[in-house]
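Presented below is the structure to which this report refers.
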Amino acid sequence: METSPPATRISDLAAARPDFFRGLNPEQEAAVRATQGPVLVLAGAGTGKTRVLTTRIAHILAQGLARPWEILCVTFTNKAAREMRERTVALVGAAAEGLSNLGTFHSIAAQILRRNAELVGLKSSFTILDDDDQTRLIKAILEAENVDTKKWTPKSFAWHIDQWKNKGLTPDRVKNDEGAAFAGGRGVKFYQMYQDRLRILNACDFGDLLLHNLELLTKHPDVLERYHQRFRYVLVDEYQDTNVAQYLWLRLLTNADRNLCCVGDDDQSIYGWRGAEVDNILKFERDYPGAKVIRLERNYRSTQHILAAASGLIKANAARLGKTLFTEQAGGDMVRVQGLWDGAAEAQFVAEDIERQKKAGRKWSDMAILVRASFQMRAFEERFVMLQIPYTVVGGPRFFERAEIRDALAYLRLIQSEDDDLAFERIINVPKRGIGDATVQKLLQSARLAGVSVMTAVRDLIETDELPGRAKTPLIGFLRDYDRWREQAKQVAADELIDRVLTDTGYYDMQRADKTSGQTRIDNLKELGDSMQAFDNLEAFLEHVSLVMDLERDNGASSVRLMTLHAAKGLEFPVVYLPGWEEGIFPSQRSIDENGLRALEEERRLAYVGLTRARQEARISFVANRQVYGRWTSQIPSRFVDELPMENVEAASQTGYQSSGGWQSQESRWDRAGYEPNYTKRATDNDLSGVDMSRLRPKSAPHRPSAPPKPSAKNFKLGERVFHIKFGYGIITEMEGNKLVVNFETSGDKKVIDSFVERA
DNA sequence: TCCGAGCCACTTTTT
DNA sequence: GTGGCTCGGA
């Protein structure tokens, strides 16, 4: 995007703001000044990475090395892009507004693709599908191919497609992997069909934005050359989170000058499960020979004990570049570890501590609870409601994913573009117009046959006798409305338009009839309208919505933050609570089952991320008993607890925790350190007789304590019959080390770890 | 077309 | 334990 010269003359910048470098430490300054050639900045948690990136941009501009639009700066989230822009503006003023190529991978890729769409067989007006559209489309394809969509769910296939796209694989390049075996080896074929359908619909999913870019830039050297001339400096945030496609994209776009600066932290790579390759950052020096590597290790966030605890923990990981954070804030509180009886006790403990902190002068928003998985949040929410502690769940269901918002957007999309068949399908019978499934299928089929959009097919069909009158009448009415909205779209603002559509169609009435949550939905729709006012036209708004799936909503009042560890990355709080540090929960058993050691290291990085969010206090807790999916299970402390360096950790007294003992071959030190057992008889691995569980356990459900994992192999044999707490009885069909494949009687083949099954 | 029973699955999640 | 989805009957 060419932009007129910025209001501030760039040559004035250095004179106007000679103080870019003030307050930077020597490493940060080196990272800013090393403008030429490849640079990897290994920025540990809380070491001022964003500051380096923004100052670097400012410096490049001030030196006159590039004009704003010649800097390509990519982030993962819109929030990060926004923050980067704001902070750069703060440094260089209006010049930063010309940074038209500062954005997320997806938004920049979309920009490039819109400008060159024809070259990869799309029209520049292509629509960007979200997850929901994607899943519906896949479902339609699978059903048309007579696939049992209960066994082979559209969601799981969508996941495979994403994984392929993350790796930069088009259908012709997919190997015989797990996804290819989908529905009896037809995975690749369905992938191809899906891509074909997208092209007909003139649509892209998120993965396509990158994938089509790769095709475009590889097959059209002239286009690539143009971008090489444009992008003189490339900056990448959170490099450890890049997937293969993004990695290739960056390699392509970096020109012969190799002015590439990647900032990241291998210890904070927590998105491997969605395609991120820690390897990208680990092999940077090999990819870009002669690269400068600058380590930022001076931490400005946390106290000494917190930092040392986190550092000690992450040392257990093998695959890392190695950094040691240090701080000048000596002392401070030690990390506290607290064992508790069960989930309710844990919630109570945390809530009471939060109240104590509040009384001692902290704000609610100074405190955050970071959990591994969202199901853990409920216990805390219940407690907070009871005690009237204000809290906010960060993350969670997104505004634009709500059904009513998606309905409204589908109307807008259809008005914007008659070809948007997916939008048509979504709203043609919402609210109910008496156009049932049979009619819709007929319309789709007829459109497919004629090779036209569904709207065109509707216009054609109502001229014929092919549709029964009861379907025809509402369709004629719908078309009349539709044509009117299209006219109005040219005259009224987008928010006004949507209001009319929702009124005309009876959508508001339909919601008003719903006494339970209708009003909330109407409020959400009003909010949608408000957010549209900032856009000049419908097109701009829809582009924004498809790429920026978040809506800035300030949470007003101060409240305790409750979120997943993943959502906490990049944030910081004076006080952080880290509950649920138990084997199986954190590290997550499922992760380990699926990806073994690789996943375990990622879980450990997650623990590292959690700890390093804390500025002054970090409180870890675990429980002896937890109800998981309605079943009581006895828990053992996470191995991460044992990996914390003892000298930085304080085990709180007055616990109700009685260790189950010996969860590893060596005795866990938490068996001894500072605990005051409440129960006289010691609970062992398989015997909880000394523990009064009856008050906790529902009488109807027979209690079956889960077998704690043991490192020692149980010497199972192929063909042996085993029992698994979750899957029941089955026969071992494959074995590899401690990993088993068991054919369960009720749930078929599953991969499990031997310690989780017993001889039947 | 709507509603209730039954069945299933159930980690993390941006764009 | 729970929510989401499908299927079958009214």
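Everything numeric here is computed off the predicted structure, so don't read it as measured data. To find a chain, count down the sequence lines: A is the first, B the second, and so on, and within it residues start at 1.
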Which residues share a side chain to side chain contact (heavy atoms under 4.5 Å, CB included) with A:S124, sequence neighbours left out: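 If we apply the side chain to side chain contact (heavy atoms under 4.5 Å, CB included) test to A:S124, skipping adjacent residues, the hits are A:A117.
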Partners meeting side chain to side chain contact (heavy atoms under 4.5 Å, CB included) with A:E539 (sequence neighbours left out): A:Q416, A:N537
Output all residues satisfying ring-ring contact (aromatic ring centres under 6.0 Å, His included) with [X], sequence neighbours left out; order by chain, then residue number.
X: A:Y271; result: A:W273, A:H566
X: A:F76; result: A:F105
X: A:H106; result: A:F206

First encountered from the 5' end of DNA chain B, between A:D131 and A:L606: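 Final value for this comparison: A:L606.
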5'-most by nearest nucleotide on DNA chain B - A:K432 or A:H566: A:K432
Would you tabulate the nitrogen or oxygen pairs shorter than 3.5 Å linking the protein to nucleotides 3-5 of chain C?
none

Straight-line distance of A:D131 CG to A:K155 NZ, nearest 0.5 Å: 8.0 Å
Base B:dT12 paired with A:R372 side chain (donor-acceptor, <3.5 Å): yes
Starting at atom [atom1] of [X], determine the distance to atom [atom2] of [N], rounded to an integer number of angstrom.
X: A:E594; N: B:dC10; atom1: CD; atom2: C1'; result: 12 Å
X: A:D133; N: B:dT15; atom1: CG; atom2: P; result: 17 Å
X: A:I585; N: B:dC10; atom1: CD1; atom2: C1'; result: 12 Å
X: A:D132; N: B:dT15; atom1: CG; atom2: P; result: 17 Å
X: A:F375; N: B:dT12; atom1: CZ; atom2: C1'; result: 11 Å
X: A:E601; N: B:dT12; atom1: CD; atom2: P; result: 22 Å
X: A:E382; N: C:dT2; atom1: CD; atom2: P; result: 8 Å
X: A:K151; N: B:dA9; atom1: NZ; atom2: P; result: 12 Å

Selected nucleotide, minimal atom distance to [X] side chain, candidates [options]:
X: A:H106; options: C:dG1, B:dT12, B:dT15; value: B:dT15
X: A:Y629; options: B:dT15, C:dG1, B:dT12; value: C:dG1
X: A:N429; options: B:dT13, B:dT1, B:dT15; value: B:dT1

Main-chain N/O of A:A319 paired with A:N317 side-chain donor or acceptor, under 3.5 Å: no
Polar side-chain atom of A:S531 near backbone of A:L528 as donor-acceptor pair, under 3.5 Å: yes
Short side-chain N/O contact to B:dT15 OP1/OP2 from A:S107, under 4.0 Å: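 Answer is no, no contact under 4.0 Å.
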Phosphate OP1/OP2 of B:dT13: any A:T564 side-chain N/O under 4.0 Å: yes
Classify [X] by what it touches in the nucleic acid, base, sugar-phosphate, or nothing, heavy-atom distance under 4.0 Å.
X: A:T77; answer: sugar-phosphate
X: A:Q246; answer: nothing
X: A:D241; answer: nothing

A:F105 ring over B:dT15 six-membered base ring, under 5.5 Å and 30°: no
